[in-house]
Amino acid sequence: MGSIALLPPTHRRDTLRLMISWFGRLRERKLVQWALAYLAAAWLALEVFSTLRENLGWSTAFFPVLVAILAFGLPATLTLAWYHGEKGHQRVSGAELSILAVLLVIAAVVVPRFLPGATGGEAASRERGEGARRTASPAAGADPRAIAVLPFENFSPDPNDAYFANGMTEEITSQVARVGELSVVSRTAVSRALESDLSLRDIGRELAVGTILEGSVRKAAQRVRISAKLSDAATSEQLWSQDYDRDLSDVFALQAEVAIAIADALRAELTEAERNWLDVAPTENLEAYDLYLQQTALSSLVADENRRGIALLRRAVSIDPDFEAAWLRLSHRYQWLGLNAGDEAAADSAYVVARRVLEMNSGSPDAHYVLGTSRMPSGRLGEASMAFEDAIALDPKHADALEDESYLLSVLGEPATALEYASRALALRRNLANTRFHVFWPLQMLGDSARARAWLDLAASEGMEEARLDLARTRLALLQADTARAIELARSGLDRWGEGTEFERFALDVLLFLGQPGVIRGDLERAARVTPDAVLLPNASYRTPRANYALLLHRAGDPDSSDLLFAEALESARVAVVAGSEWPAHTLEMAAIHAFQGRPEAALEWLDESYARGYREHWLLEQDPMFEPLRGNPGFEALLARMEAALRRERARVEAEGIAALVDAMIAAGAAERDAEGMS
């Protein structure tokens, strides 16, 4: 009333009379009663919708639409009350129609923005903590159902709980990957992309994904909070978001909810089997699960970390003997220790654990897969291949089984079929560096240097950087007999990928193979002492560290020590063959030692056995210094010719059956894109 007091007396009286009259008309028209009645009805409508949604499983995406409609209903109701609220005979006036028409037009513009897939509705939904969904617009033709899961940020108050966020990232990735209509890029590929500090759009382009999942994890006492957000990789616009705040005991249901919500946001249908799988918790023991999560941060390829991971998993399965996922990972870790460190006890443990998992669940493709990998350290390649085939029969999209079967087929002298399997894996996850490597392997086994080079050039043009791709480039240089290039790549890779890695073992072998032992003597001596009998696959010579160190000592003028180590290597290889190992590496090592020590007949016998086991890399035999005494030997030259003829037949089959079609299409598309960029 302070502003009214400033008016002249006459105006004050008129204003007061006007306000009293206006309030009187509000009372006569019952606007307050109409408003309260409408708000009560709107509240009831929202309650009914919420109840039906929970009972009938309706999507939450239409909740903001209902709110928007009800919000526009209030001014429309008040308009009707103003013109028709009091007793009388008011007819519909032009002013009333104009107001209602304006409200209708505004509602027609605004309400659709709250529909599923609209930006306005997405914002309103996020404010309520509900998931929102839009139709994805893929980046550069990328499939919107191809997803890259970025590492979830750790918001836990205790820094020691960082492993929990890491584990949640891996577990949610695994859950989402179980949805058949979705394709999830591997954690390794995502990590490499993140090292370049790329934007979401650049990550999407590099990984060829249409959507990107980000999130954060906060673990405090017995509560866990996960925030997840799905974004369009091309535009960085948000497609869906949700916050989950649960008791730690509900963590498995929470993971399943995230996967189902993402599938719903991308309109991917889950099969009944997929829903059933998501509904099953891997374990009911949170202590065992916490140990399992801790080991996810430890690499299987670094021996010390792998052993710590094994210790954590053994504790987990001792707490919950039915924890299948922990048993699977345990077999995997034992297998890597057996294969890369030459640990026979670990190799045996891998098989024992794999058999236990298979007894627990014979219908699990993963159980058959780890059974296959567990047979590789001991060289039971036929058994490994059958197990991989069983896994593929149960799950034709089991990319790991497809890749490992491809590798075995290459080693066993069937590179055309190997390329067929690798291409099937490529169709499932074409932007994973390790999958690109598994495609390269049969290409170089075929001796197809032109296609192999174009394949690696494609990966380089796409920014793919990974130790195995550097390994592949070095192998290609050996295939092309480009010694200088192979030495350069081996040396630069040693600096880049570091000690204790697969690349280090490979590079040391290559440098010795090419006559460059000076700077690597200490490393070879260490390898021969720590893992003397490890089968160094993939490499150049296929020899064990002990045999390689013996060659180095011979070159260094210490024939006595060299002969002693060669004798030990021969005996070790013989024992492995007698025990049933089918790796061509063992027979090839015996052939090389016999040839180097001047026993050509024995060398040729073991070379024939290597050929029978599938060895076909004649270009490496032509460069291997240990086979120098056999150069010009008719039997040796005839064997090289047989190997070359066998590969010609394999190459002809590749062309006749179009086995390289996907590889060629990707190479051509990459070349066309580079040409277009060059012209722009």
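Computed from a prediction, not measured in an experiment: that's the story for all the values here.
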Under the salt bridge (charged side-chain N to carboxylate O under 4.0 Å, His left out) rule, collect the residues that match up with [X], sequence neighbours excluded.
| X | value |
| --- | --- |
| Glu403 | Arg429 |
| Asp320 | none |
| Asp448 | Arg451 |
| Glu617 | Arg475 |

Side chain to side chain contact (heavy atoms under 4.5 Å, CB included) partners for Ala645, two or more places apart: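 Per chain and number, Ala645 pairs via side chain to side chain contact (heavy atoms under 4.5 Å, CB included) with Arg648, Arg649.
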Could you tell me which residues satisfy side chain to side chain contact (heavy atoms under 4.5 Å, CB included) with Ala550, sequence neighbours excluded, listed by chain and number?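 Ala550: side chain to side chain contact (heavy atoms under 4.5 Å, CB included) contacts with Ser562, Leu565, Phe566.
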List in chain and number order the residues that pass side chain to side chain donor-acceptor pair (under 3.5 Å) with [X], two or more places apart in sequence or in another chain; answer none if no residue qualifies.
| X | value |
| --- | --- |
| Tyr615 | none |
| Ser610 | Thr587 |
| Arg308 | none |
| Arg307 | none |

Counting only heavy atoms from other residues, nucleotides and ligands, does the tally under 6.0 Å from CZ of Arg356 exceed 12?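 Check passes, neighbour count above 12.
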Crowding at CZ, Arg651 (>12 non-hydrogen neighbours, <6.0 Å):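 Counting neighbours around CZ of Arg651, more than 12 heavy atoms of other residues, nucleotides or ligands fall under 6.0 Å, so yes.
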Not counting sequence neighbours, which residues clear ring pair (Phe, Tyr, Trp, His ring centres under 6.0 Å) with Tyr292? List them please.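 For Tyr292 the ring pair (Phe, Tyr, Trp, His ring centres under 6.0 Å) partners, ignoring immediate neighbours, are Phe323.
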Return a table of donor-acceptor pairs under 3.5 angstrom between the side chains of residues 627-637 and protein atoms on other chains or two or more places apart.
residue: Arg631; atom: NH1; partner: Leu621; partner atom: O; Å: 3.2
residue: Arg631; atom: NH1; partner: Phe627; partner atom: O; Å: 2.9
residue: Arg631; atom: NH2; partner: Glu622; partner atom: O; Å: 3.1
residue: Arg631; atom: NH2; partner: Asp624; partner atom: O; Å: 2.8
residue: Asn633; atom: OD1; partner: Gly635; partner atom: N; Å: 2.8
residue: Asn633; atom: OD1; partner: Phe636; partner atom: N; Å: 3.3
residue: Glu637; atom: OE2; partner: Gly632; partner atom: N; Å: 3.1

